[in-house]
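Below: the structure, in structure tokens.
Reckoned from all heavy atoms, side chains included, excluding hydrogens, waters and symmetry mates. Note that the numbering runs from 1 along the sequence shown for the chain.
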Amino acid sequence: MRNFDEPRLHPVEAMRNDIDRLTVLRDLTSEPPLQTLVGLMDELLAEDWQPYNVSWAYHEMASAVLHAGAAAVTGDRWRDYILYAILQRDNLFSLSAAAGKRDEVLLAAMAADLQIMHQLFLLDDSILRHWCKELLRAGASGEEEGAFASWSASLPAADYGKGPIAQMRAHLNLSEDWGKVAPVLYDYFAKHGSGSFLGGKRFVWDGQALTADLYDAAARPPEEGTPGGLALKALQGGARCFAFVGPEGSGKLPALCGLAEADPATRVVFAEGVALSRLFALLAAQPLDFLLCFPSGAPRLTALERFRFPRNVRMVFIVTQSGDAPLPEDAAQADCVIRFAARGEAALYTAK
């Protein structure tokens with residue numbers, strides 16, 4: 001390991017050691033942004049360091065940060081990633097909190113990890129460029145000092161987005177001691193759920209994992225007297241299984257998504273009926289309500305009865321058909337049928 005000829009531990013080495021101390025958030029070290037940061041630090045600390053390797057490792061990290069996919073909220077993509085990793089990546093702490101299981105040992109471990117993550121959060125690209133240029137100048141490598149990319153920009157003010165996640169982003173960004181934020185973070189996950197549920201309203205279950213739904217229609221809370229409004233009334237009245245029936249283009253999907261928009265704690269999950277027991281376990285562990293949507297012809301309701309539906313899950317069948325044709329077996333067993341008519345025609349609400 002390099003000797004920086006300083007009486008105290010060099011910041012690079014100190015931070016590298018801190019990363020190795022992560023416990024609850026240790027899986028983040030295998031994700032590209034943090035993994036490439038570790039690679040860069042190892043190059044800076046290597047006895048036989050090479051100028052090209054240092055420059056390559058820096059830009060490998062820059063690429064990972066720019067491709068991380070975190071919402072741009074602070075003006076610094078690295079800081080955006082750190083906020084995303086803490087708030088929107090599932091971990092033992094967030095999952096336990098979402099399930100209402102408070103564990104003081106886990107809370108203390110998360111507080112320690114948050115202290116480390118705060119130091120990483122403050123590590124902007126100018127500090128890394130300084131470390132790299134310091135080393136290159138010391139080695140008289142001839143590497144151009146201006147050859148290091150940036151992943152931050154000056155913004156008038158941070159834009160944290162909307163909703164509860166915006167409040168937590170702001171809380172972390174403005175806090176001077178992240179260790180003290182752990183109890184606040186627990187309450188946040190316990191109330192609003194964990195992982196991807198915090199960043200979206202609609203999801204797709206493929207039998208293995210939940211992913212954000214690409215359907216991008218502008219959903220709005222349903223208006224009274226519309227099919228969506230009738231469905232919302234039935235939902236609030238305790239209906240457990242719905243059938244949305246109507247011709248192509250009659251508004252069934254926007255109405256379904258509108259139900260989720262009417263309640264901040266409701267999410268829509270589109271499923272093909274595979275590995276449902278796994279899905280139910282995942283949804284049951286969240287402090288949220290779910291509308292589980294099946295296309296017509298998916299597993300029949302009778303087949304689903306062998307599974308125990310979580311109390312926070314309602315079923316919705318989407319049936320595309322016109323006229324008074326008999327309903328498919330699954331939709332016929334719903335306790336609430338909403339018929340969506342072609343444009344200009346009246347809708348019919350049927351409650352069994």
Side-chain angles (χ1 to χ4, degrees), residues 27-28 31 33 67-74 77 79-91 93-95 97-99 158-173 185 187-222 228 231-232 235 242 244 252-272 274-276 278-295 310 312-316 318:
D27 285 351
L28 295 178
E31 294 191 358
H67 286 86
V73 295
T74 67
R77 294 299 178 85
R79 292 189 174 191
D80 293 339
Y81 168 73
I82 295 296
L83 292 178
Y84 164 79
I86 293 172
L87 297 177
Q88 294 178 259
R89 296 285 291 157
D90 275 328
N91 57 68
F93 177 79
S94 66
L95 290 171
D159 180 4
Y160 300 115
K162 299 178 181 180
I165 193 169
Q167 298 171 13
M168 275 308 307
R169 286 168 177 160
H171 192 98
L172 285 169
N173 193 28
L185 200 57
D187 292 339
Y188 169 72
F189 290 132
K191 182 177 181 180
H192 301 290
S194 65
S196 57
F197 292 122
L198 295 167
K201 298 287 283 185
R202 301 185 290 269
F203 303 88
V204 176
W205 172 254
D206 63 2
Q208 299 293 327
L210 279 168
T211 56
D213 178 36
L214 298 180
Y215 174 72
D216 59 359
R220 295 179 297 178
L232 179 60
L235 184 66
F242 296 79
F244 284 11
K252 300 183 294 297
L253 192 55
L256 172 63
C257 295
L259 293 179
E261 295 300 324
D263 180 9
T266 297
R267 306 289 186 270
V268 176
V269 177
F270 298 96
E272 296 300 326
V274 289
L276 289 179
R278 291 179 54 194
L279 175 61
F280 291 162
L282 178 63
L283 301 184
Q286 294 292 326
L288 301 167
D289 293 318
F290 296 93
L291 296 171
L292 184 57
C293 177
F294 296 99
N312 59 337
V313 176
R314 315 283 182 91
M315 184 187 299
V316 181
I318 300 293

For residues 281-295, run the donor-acceptor check on the side chains, cut-off 3.5 Å, and write out each pair with its distance to 0.1 Å, sequence neighbours left out.
from, atom 1, to, atom 2, distance (Å)
Q286, OE1, S194, N, 2.9
Q286, NE2, S194, OG, 3.0

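Contact annotation: the side chain of L210 approaches that of L279 to within less than 4.5 Å [non-hydrogen atoms, C-beta and beyond]. For the pair Y188 and Q167, the minimum side-chain heavy-atom distance is 4.5 Å or more. Counting only heavy atoms from C-beta outward, the side chains of L87 and L185 approach each other to under 4.5 Å. Looking at heavy atoms from C-beta onward, L95 lies out of side-chain contact with F189 at the 4.5 angstrom threshold. Proximity of R202 to C257: side-chain heavy atoms (C-beta onward) are separated by under 4.5 Å at one or more points. For the pair F270/I318, no side-chain contact is recorded, criterion being any heavy-atom separation below 4.5 Å from C-beta on.
Annotation: side chain to side chain donor-acceptor pair (under 3.5 Å) contacts of R169 (sequence neighbours excluded): Q88. Partners of F203 according to the ring-ring contact (aromatic ring centres under 6.0 Å, His included) rule, which considers only residues two or more places apart in sequence or in another chain, are F197. In terms of the side chain to side chain donor-acceptor pair (under 3.5 Å) criterion, residue partners of D263 (sequence neighbours excluded) are, by chain and number, T266. With sequence neighbours left out, A72 forms a side-chain contact (heavy atoms from CB on, under 4.5 Å) with R77, D80. In this structure, the salt bridge (Lys or Arg N to Asp or Glu O under 4.0 Å) partners of R89, at least two apart in sequence or on a different chain, are E31. The side-chain contact (heavy atoms from CB on, under 4.5 Å) check on K191 picks up nothing, with sequence neighbours excluded. In terms of the side-chain contact (heavy atoms from CB on, under 4.5 Å) criterion, P264 has no residue partners (sequence neighbours excluded).
With hydrogens and angles ignored, the 3.5 Å screen pairs no side-chain donor or acceptor of R220 with any backbone N or O of E261. In this structure, D206 contributes its side chain and A209 its backbone to a donor-acceptor pair below 3.5 Å. Although no hydrogens or angles enter the test, the distance criterion places a donor-acceptor pair under 3.5 Å between the side chain of K201 and the main chain of A260.
Expressed to the nearest 0.5 Å, how far CG of L172 lies from CG of L83 amounts to 6.0 Å.
Smallest separation of non-hydrogen atoms from L28 and Y81: CD2-OH, 4.0 Å. For P222 against G228, the heavy-atom pair with the smallest separation is CB-C, 3.3 Å. Closest approach of G193 and L198 over heavy atoms only: O-CD2, 3.3 Å. The heavy-atom pair separating Y84 from A70 by the smallest distance is CB-CB, 3.7 Å.
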From CA spacing to verdict: side chain to side chain contact (heavy atoms under 4.5 Å, CB included), L235, F242: CA-CA 9 Å; L235 184 66; F242 296 79; 3.9 Å; yes

